Amino acid sequence: MSRTLNWIGQALLYGGFAVALGVFSRWPIYHPLASGMAQIKVSFIHHGLRVADCRPYTAEEQARMAPNMRKSMKCGRERSPVSIEVDIDGKLALRHVAPPSGLSHDGASAMYQRIDLPAGEHRIAVRINDNKAVAGFTAQREATVTLVPAQVMVIDFNPDKGGIVLL
Amino acid sequence: MGACGCFLMRLRSASTSIESPGAVSGTGPSFTASLYRVVEHALDKPFGARANPLKQLGAIGFLLLWLLVASGVPLYIMFDTAAEGAYRSIESLDLLPWRLGSILRGLHRYATDAFVCVMGLHILREWMLGRFRHFRKWLWITGVPLVVLAFISAVGGFWLNWDRLGQYSAQTTAEWIDALPLLAMPLARNFLYPASLGDRLFTLFIFIHIGASLFLIFGLWFHIQRISRARVLPEWSLAACLSCTLILLCLVLPVHGQGPADLQIAPAALALDWWILFIHPLTVATSPAIAWGLVLCTLGLLLLLPFLPTRLRSPVAVVNPDNCSGCARCFDDCPYSAITMVPHPDRLDGLHLARVDAAACASCGICTGACPSSTPFRHDTILETGIDMPQAPIDSLRRQLRQGLEEMQDSRRLVVFSCNKGATLLSPATDILHFELICAGMLPPAFVEFAIRAGADGVLVSGCREGGCVFRLGQQWMAGRLVGMREPHLRSSVAQDRWLSVWADPGDEATLQDAIDVLRRRCDARIPVIAKEMMQ
Ligand code: HEM
Ligand code: SF4
Ligand code: SF4
């Protein structure tokens, strides 16, 4: 009798373990994005402009350099941070300043941000500044987009592809 | 004789004159240990003490790992390692005959879930039983990176399917890593456009999944380095039943892909594997920074645990070169690989000598029980053995046994050698001479015969339940020695009805008491027989 009970006990424990594995490997259903919502991903990798313009070395500076190292133009390496602003339906949804990467601040600026918003028609305005010497913005774009539920729209910045990209 | 009229010779108690100042006296089980034992004992009933899964969680972990390797190799062979074809190749597993595809895929998934679950239980068990300090420090610390590797490999596996779940997991993980100020370029940018997900990134996924698994296997080798005869496969019945259960689960609840990944569509409803991917909802519900904090604090706490202030450590085993013949029995029996055999410094005849690594030694005394020089039948006035425990020298055990038996006045004289990690003798009596040992395995079996020859009517040896020895192998070795299956053995000429062994954990005090009563009845049945024999 007790042997039978032990078998039943074992079967129940194996069964319980299997149920726990099976159930929690798929349930409860997870909703990363609420129904009726869409997503905008704002991201870019962009080199800001150099902070200082190149200028010729003065004669004094030239004299201080080793003869084999002499150059005619002095170029600062530091780049401008890249700032971005995104308005959705006239309201500011994102403002971010991406500093240049690298120890000498001479690398690209990069950013990534995800925004969830209700699906439907939206007026999107994007403004970018990649030159801190310029007040205001160096690139702007405005568009009306219609997003279906769960659609992902990307806002990127790529001067080779015409500047601000909405995809 | 104590005030209650019984002999209680706790070899490790403060009353024993030979005890060294650093010794730890017998400590009762902690609250967490008692709590854990309730659960473990409940499972002893249906499975039997030996096959209880809770006592072999590490071994089950290994079994699951082998199941993962066995199902992973064919999956990899059929897998298209490019982002384009990955999903299709996994889905085409459904075309394999006899539902082999479901079994392979399901086994790989469910064995991973089970592995994570068993690993969690393994950590919980060792923590609740307080097994993370002193000589176990290495075991514990080498365990912690295994948790990280297990999760990296498991999460990375989901990306390889490249279905919506894989897409969500890869993207969320990238966003989570981007929250750390480590990388100049956000990883999450890799998931902006379908075209940006190159095959090179996919090769990285494969490298993460398989690389972390290989590191895990390598790390496991380190983990069990300091354990001799580590149990890396569970009882065969358990292994068979568990494997069948998992296969059955694959057939009843097959694992399916959740639609091909599409970076232009955000997954909105996912059948999440909560065993492994719980970290994503946790990050969303809190914040990436809080999730990092939680993960790092948990790992930090785990790493810190063995260094928290604790009780003094017991003295470790000491080798006496004059009494060591180099037979290596202590080396064979030591559960924590704390003994090495080195050339004897004073002998030129190639003889070896045992050497104890103090950091690895568990102070269990199993080596003393294994040493042939520990036999109490030696004629020396002082019993010096090859390897001894300073807090409980074998000579003191012999002396107190002799003396105690001489002083006993009861018509029935029982000797109880009990392990002080197992069940406690609750009701001392005038017919019991009781010795508490550090571990049952510490008792040289010849002491049973010695006690009988010195006047004991019966001898009881008690220790922890099967599979539950605090020092891993003490119970197993002692049981083997008593029945002549392991050296040094109890001579078969010792009458079987004069001794008894009982394996009882803390909480099993009644079992210990019952065994004593059995021994009493046996003695009572025998005493008239002996009296009759003497009259004839
Ligand atoms: C990755 C999964 C792991 C596996 C497969 C595994 C496997 C094992 C095995 C086979 C043993 C030897 C058991 C024996 O023969 O007595 C063991 C012991 C041990 N493990 Fe693990 N382990 C894992 C993870 C961990 C982790 C994460 C920790 C703690 C942070 C840990 C702590 C310990 C301790 C303290 C012992 C010693 C037990 C004793 O001395 O009685 N293990 N493990
Ligand atoms: S006391 Fe235990 S751990 Fe230490 S050397 Fe002896 S058998 Fe090994
Ligand atoms: S068992 Fe005893 S005699 Fe044999 S090697 Fe160990 S200490 Fe030496």
Side-chain angles (χ1 to χ4, degrees), chain A residues 2-3 5-45 98-102 107-114 116 119 147-156 165 167, chain B residues 42-43 45-48 51 53 106 109-114 117-118 164-165 168 171-172 174-175 178 183-189 191-193 237-238 241-242 244-246 248-250 252-253 255-256 258 262-278 280-281 284:
Chain A
S2 92
R3 224 181 134 83
L5 279 180
N6 286 347
W7 281 113
I8 296 173
Q10 282 198 30
L12 285 177
L13 285 162
Y14 280 117
F17 186 52
V19 167
L21 290 181
V23 167
F24 293 116
S25 80
R26 48 171 60 74
W27 180 88
I29 296 289
Y30 179 58
H31 297 275
L33 191 68
S35 68
M37 297 292 277
Q39 230 168 43
I40 293 183
K41 289 180 181 174
V42 184
S43 176
F44 59 75
I45 297 185
S101 59
S109 298
M111 68 92 59
Y112 171 92
Q113 178 119 20
R114 196 160 36 80
D116 293 352
L147 301 174
V148 297
Q151 183 181 342
V152 180
M153 189 184 83
V154 177
I155 299 180
D156 203 342
V165 182
L167 212 73
Chain B
L43 261 67
K45 285 198 188 91
F47 287 95
R109 161 78 81 88
Y110 293 130
T112 310
D113 294 341
C117 170
V118 163
R164 276 171 206 220
L165 183 60
Y168 173 73
Q171 198 170 304
T172 317
E175 289 174 4
D178 287 339
L183 301 169
M185 301 306 141
L187 278 178
R189 264 191 76 84
F191 306 104
L192 280 192
Y193 312 108
S237 57
L238 189 76
C241 291
L242 189 62
C244 291
T245 305
L246 290 179
L248 213 65
L249 179 61
C250 304
V252 175
L253 278 180
V255 174
H256 293 297
Q258 302 188 29
D262 181 347
L263 293 173
Q264 284 161 324
I265 298 175
L270 291 170
L272 199 79
D273 188 326
W274 293 86
W275 291 104
I276 294 157
L277 300 177
F278 64 88
H280 301 322
V284 174

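These numbers were taken from a predicted model, which means no experiment stands behind them. Convention: sequence-line order gives letters A, B, ...; per-chain numbering from 1.
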Can you tell me how far the [atom1] atom of [X] sits from the [atom2] atom of [Y], to the nearest 0.5 Å?
X	Y	atom1	atom2	answer
A/Phe17	B/Cys241	CZ	SG	13.0 Å
B/Thr172	A/Arg114	OG1	CZ	6.5 Å
B/Gln264	A/Gln151	CD	CD	8.0 Å
B/Trp274	A/Phe24	CH2	CZ	10.0 Å
B/Leu246	A/Leu21	CG	CG	6.5 Å

Answer yes or no: is there a side-chain heavy-atom contact under 4.5 Å between B/Leu43 and A/Leu13?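 Sidechains of A/Leu13 and B/Leu43: in contact.
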
Please examine the side chains of A/Asp156 and B/Tyr193, heavy atoms only from C-beta on, and report whether any two atoms are closer than 4.5 Å.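 Counting from C-beta outward, B/Tyr193 and A/Asp156 do come under 4.5 Å.
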
Of the listed residues ([options]), which shares the most heavy-atom pairs with chain B below a 4.5 Å separation?
options	value
A/Gly22, A/Pro149, A/Ser101	A/Gly22
A/Val148, A/Val154, A/Val152	A/Val152
A/Ala11, A/Ser43, A/Gly15	A/Ser43
A/Ala18, A/Ser25, A/Gly9, A/Pro28	A/Ser25

State, to 0.1 Å, how close [X] and [Y] come at their nearest heavy-atom pair, and which atoms those are.
X	Y	value
B/Tyr168	A/Pro32	CE1-CB, 3.4 Å
B/Arg189	A/Tyr112	N-CD1, 4.3 Å
B/Ala184	A/Ala110	O-CB, 3.7 Å
A/Tyr14	B/Leu238	OH-CD1, 3.2 Å
B/Pro267	A/Leu33	O-CB, 4.0 Å

Before you tell me yes or no, could you show the steps for B/Leu272 and A/Trp27 under side chain to side chain contact (heavy atoms under 4.5 Å, CB included), namely the whole-Å CA-CA distance, both residues' side-chain angles and the distance that decides it to 0.1 Å? CA-CA 7 Å; B/Leu272 199 79; A/Trp27 180 88; over 6 Å; no

Who wins among [options] for the most heavy-atom pairs under 4.5 Å with chain A?
options	value
B/Gly106, B/Cys244, B/Ala268	B/Ala268
B/Ala271, B/Pro46, B/Cys250	B/Pro46
B/Leu263, B/Leu277, B/Ile276, B/Leu253	B/Leu253

Under 4.5 Å from a heavy atom of chain B, the part of [X] involved:
X	answer
A/Ile8	neither
A/Met153	neither
A/Ala98	neither

Does the separation of the ring centres of B/Phe278 and A/Tyr30 fall below 6.0 angstrom?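 Centroid distance B/Phe278-A/Tyr30: not below 6.0 Å, so no.
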
Is [X] close to chain A through its backbone or its side chain, or both, or neither, when contacts mean heavy atoms under 4.5 Å?
X	answer
B/Leu249	side chain
B/Leu242	both
B/Glu175	side chain

Begin from the C-alpha positions of A/Arg26 and B/Asp113 and carry the test salt bridge (Lys or Arg N to Asp or Glu O under 4.0 Å) through to its verdict. CA-CA 11 Å; A/Arg26 48 171 60 74; B/Asp113 294 341; over 6 Å; no

